[in-house]
Q: 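What follows is a single structure, and I will ask about it in a moment.
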Amino acid sequence: MDVRESIKNLIEEALSSLGLEISDEIHLERPANVEHGDWSTNVALALAKKAESNPRDLAAQLASAIENFTSDYVDRLEVAGPGFLNFHLNKTWLYDVLVQSVDAGSKDWARSQHGANKTVIVEFVSANPTGPLHAGHGRGACYGDSVARLLERSGYSVSREFYVNDRGTQMNLFASSLAASAADEEVPVDGYHGAYIKEWSTDLPEGDDPLEWGKKRALSSHKEVLSSLNIEFDSWFSENSMVESGSIEKTLSLLDEASASYEKDGAIWLKSTQYGDDKDRVLVKSDGEYTYLLPDVAYHLDKLARADRLINVWGADHHGYISRMKAAIESLGHEPERLEVEVTQMVNLQRSGEEVKLSKRTGDIVELSEVVKEVGSDAARFTYLLQSIDTTQTFDLDFVSKRVNENPIFYVQYAYARIRSMMKKADQVGFKPLPLSEIDLSELQHPREMVLIRSLHELPDVVDRASRELAPHQITAWLREFAADLHGFYHDCRILGDDIEPSLTQARFLLMRGVLVGLEVGMELLGVSAPTEMWRDDLVEEGDG
RNA sequence: GCCCCUGUAGCUCAGCGGAUAGAGCAUCGGCUUCCGGAGCCGUGUGCGCAGGUUCGAUUCCUGCCAGGGGCGCCA
């Protein structure tokens, strides 16, 4: 039985012996301070009023009640602070955790089932196919993919989807810009002026449709850079395909039937104000052309039919569209809660502390491919996922590209490489790991060892919470902590050597196998690689001559 | 004016309604017979302001102040 379940049972039994029931506000938590025990509960604080007692007295009553029950894990109990009940456990529970993690392996450790039998579509990036992805897209791309990975580990059946706006005003402008540039003519004023237009247009074969060709070119550029970031989409959903299938027109009539739209000034409007938007929005312009909104509503209807849950990742500049999209969904009879929009705040690029100026007007952007080329895929991903998406991010290209331990990605990867390096050496000196059943885990007594297993034990909870809150940065934070725990252990405790008891070597080697599992799970969720070795740039140069 | 995000250490950021609010960088000072020193250990300062809810608020609610973003028959 899981430790937590075991302790929870104890508490419930004790409560019922006092005629009390457990309630939702009751938590079992791991105190930050080790002096407060291994596990702690606030039951006495939460139920004191109901029990017509004060928290400390109630806690004391509970403690003496619990003493009457037996548990394999509990060493002693104490009442502390305002009325916390603290459980001090013997080390066997940590040994059990270690064995469980090694048994499970990185494929199965830290899985949960809260998404079992549920489907979710994670839609992200969805940049227009009118040019290359830029540095800002990287944040949404890495975030969306990691959210998908978290949901997969939580049992969801996940589809990663990219919505392609391959028709409409912007697409036409892109096509005419390409055509003009190819013909050495002036690009339209409201067209695209980035340097890539000139570059791409020289490849445009004569006689090809610039729109179709340009779309293909842009999409292959998107795929290439996303793939370099270890991001693969399951589906690329074409807006234009909904013209052909008639689903846009069908959506329009559905809105009409639902009395959710009306005609005014020659245009067709969505009554989004009925559902909390601050103004009504145009669906079909007076010239008969759709706004971006109508196809997008059609697209979301399509997604609603395909999955239980929809998650969209949008940039901060699109937050204003949330209310109208939800209004459209609701007016068509769907629960707006089924669409969750996660908004990523902006990314400011720097080089050595100096801001990199971006100008949309001149098309002067830093392409995502340049970022990946400059800092590397792993560093780019880890850095994009370093902090909550609710904060604006400063991304310093020079710092992130440095292969130094101050750079979190290298600090974490080095922890992994260090263990793998040790294992390689162990193999070379003829070390043979014993089967689990023959290893004496009670050899593990050092505080550094206990800290490592405690952190390993936290991972399933961290993953569970990160997947519920759609917050991959919690994984990043855990990994940094865990890597620090490993470095600390490695500094103080030797695994191999003539002066180390063979039984201790065996136990520590197993511990390292558990640590590898934890690191692998964390890095897999972030989409970064777990290298078996890594070398500093200057050492590589020396080594290779 | 309205909407969204943010305000925590000198800087960059974590922080689940709980106990003495944590990391990294920077500062200063230590640690090498070492499986990779790319590491480890120590060193002090902080929850923007004011109310409210609560046994308990950095955390939830309201107002204010400050910074960023958005308010098109563009996407």
Side-chain angles (χ1 to χ4, degrees), chain A residues 25 27 29-33 35-36 40 42 44-46 48-49 54-55 80-84 86 126-128 130 165 168-171 173 190 264-269 277-279 281-287 289-293 296 315-323 343-346 348 353 386-394 396 399 403-408 410-411 413-415 417-419 421-426 428-429 431 461-462 465 469 473-474 476-478 480-481 484 486-497 500 505 508 512 533-536 538-539:
Chain A
E25 308 119 68
H27 301 294
E29 57 192 38
R30 279 176 302 259
N33 188 336
E35 286 168 25
H36 295 146
S40 170
N42 66 342
L45 290 157
K49 214 176 232 177
N54 75 59
F84 289 102
N86 295 338
S126 296
N128 290 351
T130 56
N165 298 98
T169 318
Q170 295 305 314
M171 208 54 202
L173 282 170
D190 49 358
K264 191 183 87 178
D265 303 331
I268 301 176
W269 298 69
D277 200 358
D278 51 3
K279 52 185 89 158
R281 308 290 171 176
V282 173
L283 293 161
V284 182
K285 298 189 257 178
S286 51
D287 65 2
E289 175 62 71
Y290 307 138
T291 63
Y292 85 94
L293 179 61
D296 221 5
D317 51 341
H318 284 69
H319 96 268
Y321 307 116
I322 299 173
S323 52
V343 173
T344 61
Q345 296 301 313
M346 312 210 58
N348 297 319
L386 208 48
Q387 62 197 70
S388 155
I389 56 163
D390 292 335
T391 61
T392 52
Q393 178 168 42
T394 302
D396 191 309
F399 175 76
R403 299 170 65 80
V404 294
N405 58 296
E406 287 79 12
N407 190 348
F410 291 105
Y411 184 78
Q413 288 185 321
Y414 177 50
R418 251 186 149 173
I419 298 172
S421 175
M422 178 279 296
M423 287 180 166
K424 191 172 158 193
K425 165 132 188 180
Q428 283 165 358
V429 301
F431 171 80
D461 287 346
V462 172
R465 215 181 112 216
E469 298 179 7
H473 77 276
Q474 293 174 3
T476 319
W478 178 86
R480 296 175 71 178
E481 284 288 326
L486 182 276
H487 287 306
F489 161 81
Y490 209 79
H491 182 265
D492 288 356
C493 305
R494 294 187 60 77
I495 300 160
L496 307 170
I500 310 292
T505 294
R508 285 183 170 165
M512 290 302 101
E533 58 181 32
M534 51 197 304
W535 300 97
R536 201 163 63 182
D538 52 348
L539 296 180

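Since the model is a prediction, treat every value here as computed from it, not as a measurement.
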Q: Indicate, with a heavy-atom threshold strictly under 4.0 Å, whether A/R418 touches base, sugar-phosphate, or nothing.
A: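 Counting heavy atoms under 4.0 Å across all strands, the contact made by A/R418 is with sugar-phosphate only.
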Q: Given A/M422 and A/Y490, is the side chain to side chain contact (heavy atoms under 4.5 Å, CB included) satisfied, shown in steps?
A: CA-CA 10 Å; A/M422 178 279 296; A/Y490 209 79; 3.4 Å; yes
Q: By nearest nucleotide on RNA chain B, pick out whichever of A/A267 and A/E35 is the more 5' one.
A: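 Nearest-nucleotide comparison on RNA chain B picks A/E35.
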Q: Would you classify A/A80 as touching base, sugar-phosphate or nothing, given that sugar-phosphate means primed atoms plus P, OP1 and OP2, and contacts are heavy atoms under 4.0 Å?
A: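 Touches a base.
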Q: Which value, in whole Å, describes the distance between the P atoms of nucleotides B/G44 and B/G29?
A: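 Those two atoms are separated by 15 Å.
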Q: Dot-bracket for RNA chain B, 5' to 3', counting Watson-Crick or G-U wobble pairs under 3.5 Å, with [ ] for crossing pairs and | for inter-strand pairs?
A: (((((((..((((....[...))))..((((.......)))).....(((((..]....))))))))))))....
Q: Just call it for A/K424: base, sugar-phosphate, or nothing, with non-hydrogen atoms closer than 4.0 Å on any strand.
A: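 Answer is nothing: A/K424 stays at 4.0 Å or more from every strand.
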Q: Could you tell me whether the side-chain ring of A/F84 sits stacked on the base of B/G18, using a centroid cut-off under 5.5 Å and a plane angle under 30°?
A: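 No, A/F84 does not stack on the base of B/G18.
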Q: Classify the nucleic acid contact of A/D265 as base, sugar-phosphate or nothing, counting any heavy atom under 4.0 Å across all strands shown.
A: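 Base, at least one base atom sits under 4.0 Å.
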Q: Looking at B/C34, does its base get a donor-acceptor pair with the side chain of A/H491 below 3.5 Å?
A: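 No such pair is found, so the answer is no.
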Q: Hey, does the side chain of A/Q387 come within less than 4.0 Å of B/C13's phosphate (OP1/OP2), counting only N and O?
A: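 A/Q387 to B/C13 OP1/OP2: side-chain N or O found under 4.0 Å.
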Q: Considering only B/U6, B/C40, B/C73, which nucleotide approaches the side chain of A/H487 most closely?
A: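 Of the candidates, B/C40 comes closest.
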Q: Kindly state whether the pair A/H36 / B/A19 counts as stacked, where counting means centroids closer than 5.5 Å and planes tilted less than 30° apart.
A: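 A/H36 ring centre within cut-off of B/A19 base, planes near parallel; stacks.
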Q: Using only heavy-atom distances, decide whether a donor-acceptor pair under 3.5 angstrom links the side-chain of A/S286 to the base of B/C73.
A: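 Counting by modelled atom types and ignoring angles, a donor-acceptor contact under 3.5 Å is found here.
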Q: Considering only B/G15, B/C73, B/G69, which nucleotide approaches the side chain of A/T291 most closely?
A: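 Looking only at side-chain atoms, A/T291 lies closest to B/C73.
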Q: Assuming nearest nucleotide by heavy-atom distance, tell me which of A/F489 and A/D492 is located more 5' along RNA chain B.
A: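 Upstream on the strand: A/F489.
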Q: Determine, stepwise, if the pair A/T291 / A/R281 fulfils side chain to side chain contact (heavy atoms under 4.5 Å, CB included).
A: CA-CA 9 Å; A/T291 63; A/R281 308 290 171 176; over 6 Å; no
Q: With a non-hydrogen cut-off below 4.0 angstrom, is A/Y490 in contact with a base, only sugar-phosphate, or nothing?
A: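 Base, at least one base heavy atom under 4.0 Å.
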Q: Would you kindly check whether a donor in the side chain of A/N42 faces an acceptor in the base of B/A19, or vice versa, at under 3.5 angstrom?
A: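 Flag unset: no donor-acceptor pair detected.
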Q: With a 3.5 Å cut-off and no angle check, do the side chains of A/T394 and A/N348 form a donor-acceptor pair?
A: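 The criterion, which ignores hydrogens and geometry beyond distance, is not satisfied for A/N348 and A/T394.
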Q: Kindly indicate whether the side chain of A/S40 and the base of B/A19 share any N or O donor-acceptor pair separated by less than 3.5 Å?
A: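 A donor-acceptor contact between them is present.
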Q: Scan A/H318 against the nucleic acid and name what it touches under 4.0 Å (heavy atoms): base, sugar-phosphate only, or nothing.
A: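 The residue A/H318 makes base contact.
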Q: Would you classify A/N86 as touching base, sugar-phosphate or nothing, given that sugar-phosphate means primed atoms plus P, OP1 and OP2, and contacts are heavy atoms under 4.0 Å?
A: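 Base, at least one base atom sits under 4.0 Å.
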Q: Side-chain contact, heavy-atom cut-off 4.5 Å: A/V462 with A/E481?
A: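 Not in contact.
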Q: Choose from B/G37, B/C74, B/G69 the nucleotide whose nearest atom is closest to any side-chain atom of A/M346.
A: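 From the listed options, B/G69 comes nearest.
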Q: Take atom CG of A/D317 and atom P of B/C4, then tell me their distance rounded to the nearest Å.
A: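 A/D317 atom CG is separated from B/C4 atom P by 17 Å.
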